[in-house]
Amino acid sequence: MLNTNDILETIKMIREDAFDIRTITMGISLLDCVSDDADRLCANIYEKITTKAKDLVSTGLAIEKKYGIPIINKRVSVTPISLIGGRHGVETYIKIAKTLDEAAKTLGINFIGGFSALVHKHFTIADRNLIESIPEALSVTERVCSSVNLATTKAGINMDAVKLMGEVVKKTAQLTADRNSIGCAKFVVFANAPEDNPFMAGAFHGVGEGESVINVGVSGPGVVRHAIERAGDLDMTGIAEVIKRTAFKITRVGQLVAREASERLGVPFGIVDLSLAPTPEVGDSVAHILEAIGLEKCGAHGTTAALAMLNDAVKKGGVMASSHVGGLSGSFIPVSEDQGMIDAVNAGALTLEKLEAMTCVCSVGLDMIVIPGDTSSAIISAIIADEAAIGMVNNKTTAVRIIPAVGKKVGDFVEFGGLLGYAPVMAVNSFSPEKMINRGGRLPSPIHSLRN
Amino acid sequence: MKAVITVTGKDNVGIIAKVSNECFKFGANILDITQSVLQEYFAMIMIVDIKEIEVDFGHFVDSMSELGKQNNLSIQTMHEDIFNSMHRI
């Protein structure tokens, strides 16, 4: 028989600690949509997505009702579009982006990911066309998310792509200047991008995936923080144990939801991504977990160590709770989506340099950071290069989702609304990296990539 | 197949009767009730067998929730699997 305390604990997690399933993301392969006719290609894409995922939202709602757990987002990720664009030019890519946007609206989902290119070694012509279309595609669509993978531990860093990405970010910011440069919030640059990540903006359906797949992203920073607060005066080993136990429970629910969604939709289950993903809501903050561990403010010295432990304990606890763990799995540290991070920046405790250090041990990278609108594209490229280097050398995923908000300077606030939150504009080191960025070429992969 | 119904709110005459009656209406068999009143606050956890219910489980969840609203209570119905997954290996 069920134990009363267990029942109450679960209910408390959901009602008071903001525990939720962050996303059910259906990955859909678009490889069979290829056509040399632009209209036909778009029609194929629209039809495939709206057919495969037609029951995604209703299924999510039914599961939410059955288990009494909120499922915040239902989303779709697709094959990187540069792989299906063939010989089409920039105009067609923009048309494809609009088609994806339409499909997302028809399905009633808030984001669709996969307007992407994988260029970690070099560009194909299709990659170049897609990348050229990104700024306009993000400005004329609402729900399309874009990503570019420009480095891997195996291939090194494509420095030509790094240079180009600085320009893409700047142009996207300018084209969406009337909406606080929100286009940049839907664009992420990766090193070692996972092919099964269910979280936006970086989700895409990798080339090694099947026809379609269900990936589930859990969340629950509030649950972890409360567990630490309740645990009292434990040493760091004790705190790590508390986090592991909590992560296990959270992930078990993720696994339950993933299995059920997979069965109901008749689509194979892919992975559970056991990420601690904060939201701007009170009580749903990763920064507050770090503070509960014993830091006055997130960003204080010791933050990197606390985050390293948190990130590791989340994985150790979660990995036994699911048959397949994947995606990004760990702890996100976005600024605009986390009230604790926002407060830490405002208090002067958290800087861009500290965030960069934190990305060495968190699950992703520099995420949802707003910088002054007059930051040069070379500096943005250099920020991307630094992150890519951290990812490449440490065999981990890193990413940059940065917003040079047009017309804003340090101290201003930028509001994006919804899950994307709001953020203070952060100071950037303004010494020029231009000469290095202009060199281009490939940054060789590290010696430890040769593992065969 | 079981469901867990949790009822919380200000204590009143007939809460258990109303919830039990709703269960009876849909054919949900009550297996266990844990109930307590702390000061004026009523809390109950009811475990019911939903194998034989005559409606879709989602409809049952909505009806219980609606009953709660009518009586100024919070009534939440959840499938037992969420608790089993979380607390049992």
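A, B, ... follow the sequence lines: proteins, then strands. Residue 1 opens every chain.
Inter-residue side-chain proximity for Phe83(B) and Asn3(A) is flagged as unmet; no heavy-atom pair is nearer than 4.5 Å. Contact check for Met78(B) versus Lys66(A): no side-chain heavy atoms found under the 4.5 Å cut-off. Looking only at side-chain heavy atoms (C-beta outward), Ile14(A) and Ile82(B) come within less than 4.5 Å of each other. Between Leu256(A) and His79(B) there is no side-chain heavy-atom pair separated by less than 4.5 Å. Contact annotation: the side chain of Met13(A) approaches that of Met86(B) to within less than 4.5 Å [non-hydrogen atoms, C-beta and beyond]. The shortest distance between side-chain heavy atoms of Lys2(B) and Leu2(A) does not fall below 4.5 Å. Between Arg252(A) and His87(B) there is no side-chain heavy-atom pair separated by less than 4.5 Å. A 4.5 Å side-chain heavy-atom check between Arg259(A) and Asp81(B) finds every atom pair outside the cut-off.
In this structure, the portion of Asp62(B) lying under 4.5 Å from any heavy atom of chain A is its side chain and not its backbone. For Ser65(B), no part lies under 4.5 angstrom from a heavy atom of chain A.
Using a cutoff of 4.0 Å between basic side-chain nitrogens and carboxylate oxygens, Arg88(B) and Asp6(A) are not scored as salt-bridged.
Within 6.0 Å of the NZ atom in Lys10(B), the count of heavy atoms belonging to other residues, nucleotides or ligands does not exceed 12. Counting heavy atoms of neighbouring residues, nucleotides and ligands inside a 6.0 Å radius, atom CE of Met320(A) does not exceed 12 of them. By the 6.0 Å contact criterion, CD on Glu52(B) is open, its count of non-hydrogen atoms from other residues, nucleotides or ligands being 12 or less. More than 12 heavy atoms of other residues, nucleotides or ligands shown are found within 6.0 angstrom of CG on Asp235(A).
The two residues Arg15(A) and Ser74(B) make their nearest non-hydrogen contact at NH2-OG, 3.7 Å.
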